[in-house]
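One structure below.
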Amino acid sequence: MIQKISEYLNELKLVLYLIFIYLDMDTGIVRVLFYLMVMDTFLGIVKTIVLNNVFSFKKLALGFVSKLAVLLIPTALALMSKGLNYNFKWFVTIVVDLLIVSDGISIISNIIAIKTKKEVENFDAMTLILKSIRNRLILLFKRLLITIDPKYHPEK
């Protein structure tokens, strides 16, 4: 199975690069975000071992898949930008930058926990970012509805 995956790794990377290029996303920044996610996952494993917490491959797989799913956020925003024929590039860049900072905070928290051998209260920046993106998109959608139908008055 692993051999099959490694055989198609270059093709998968090529497809991802083509998607990011089509969506006019900076592949360098997305690559940095991906590397930070891998580092955070690795340090999370080390932290789990150092703190003698229960380690399971199921939890590891779910955590890694959820981290990869985070890459879908800027991708979805870029797709929306293409579909609506708006320039969301600045918004996509800000979201990727915020995701990079969030993973950086998580990496630092993991390093502190490994060094002190104590759990560190982690700031859940990811949830705040996701909620903020959702709220901004709802505001944008309401403005769009007002533009289409001036009689539309969304509840505050």
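Residue indices begin at 1 and follow the sequence shown. Remember, it's a predicted structure, so these values are computed and weren't measured experimentally.
- Here the CG-CG distance, from L84 to L79, works out to 10.5 Å after rounding to the nearest 0.5 Å.
- Using a 4.5 Å heavy-atom threshold, the side chains of L60 and T41 count as touching.
- In this structure, the separation between CG on D24 and OG on S81 is 8.5 Å, given to the nearest 0.5 Å.
- Atom NZ of residue K115 and atom CD1 of residue I112 lie 10.0 Å apart, to the nearest 0.5 angstrom.
- By the rule that hydrophobic residues join a cluster once side-chain heavy atoms approach within less than 4.5 Å of another member, I111 and M37 end up as members of one cluster.
- Nearest heavy atom pair, residue A78 against residue V92, reads N-CG2, 3.7 Å.
- Residues V32 and Y35 are members of one and the same hydrophobic cluster, defined by side-chain heavy-atom contacts under 4.5 angstrom among Ile, Leu, Val, Met, Phe, Trp and Tyr.
- Shown here for V30 and M25, the closest heavy-atom pair between the two residues is CG2-CE, 4.0 Å.
- When all heavy atoms are compared, the tightest approach of L99 to P74 is CD1-CD, 4.0 Å.
- Taking CG of D103 as the reference point, atom CZ of F34 lies at 11.5 Å (rounded to 0.5 Å).
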**OP:** Could you go through the side chain to side chain contact (heavy atoms under 4.5 Å, CB included) check for T93 and D26 one step at a time?
**Re:** CA-CA 8 Å; T93 303; D26 186 349; over 6 Å; no

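- Residues A113 and L51 approach most closely at O-CD2, 4.1 Å, considering heavy atoms.
- Not a single donor-acceptor pair under 3.5 Å links the side chain of K59 to the backbone N or O of V54.
- When hydrophobic clusters are built by joining Ile, Leu, Val, Met, Phe, Trp and Tyr residues whose side-chain heavy atoms come closer than 4.5 Å, directly or via intermediates, L23 is not grouped with L18.
- Between I107 and L36 the shortest side-chain heavy-atom distance falls below 4.5 Å.
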Original post:
Passes side chain to side chain contact (heavy atoms under 4.5 Å, CB included), L137 versus L77? Steps please.
Top reply: CA-CA 9 Å; L137 289 173; L77 289 172; 3.8 Å; yes

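- Hydrophobic clustering (ILVMFWY, side-chain heavy atoms < 4.5 Å, transitive): Y86 and M80 are in one cluster.
- No side-chain heavy atom of N110 sits less than 4.5 Å from a side-chain heavy atom of V46.
- Heavy atoms from other residues, nucleotides or ligands lying under 6.0 Å from CZ of F55 number more than 12.
- V101 and I108 fall into different hydrophobic clusters, where Ile, Leu, Val, Met, Phe, Trp and Tyr are joined by side-chain heavy atoms under 4.5 Å apart, directly or via other members.
- Checking I49, L43, T48 one by one against I114, the side-chain contact (heavy atoms from CB on, under 4.5 Å) holds for a single residue, L43.
- With rounding to the nearest 0.5 Å, the separation of CZ in R134 from CD1 in I73 is 13.0 Å.
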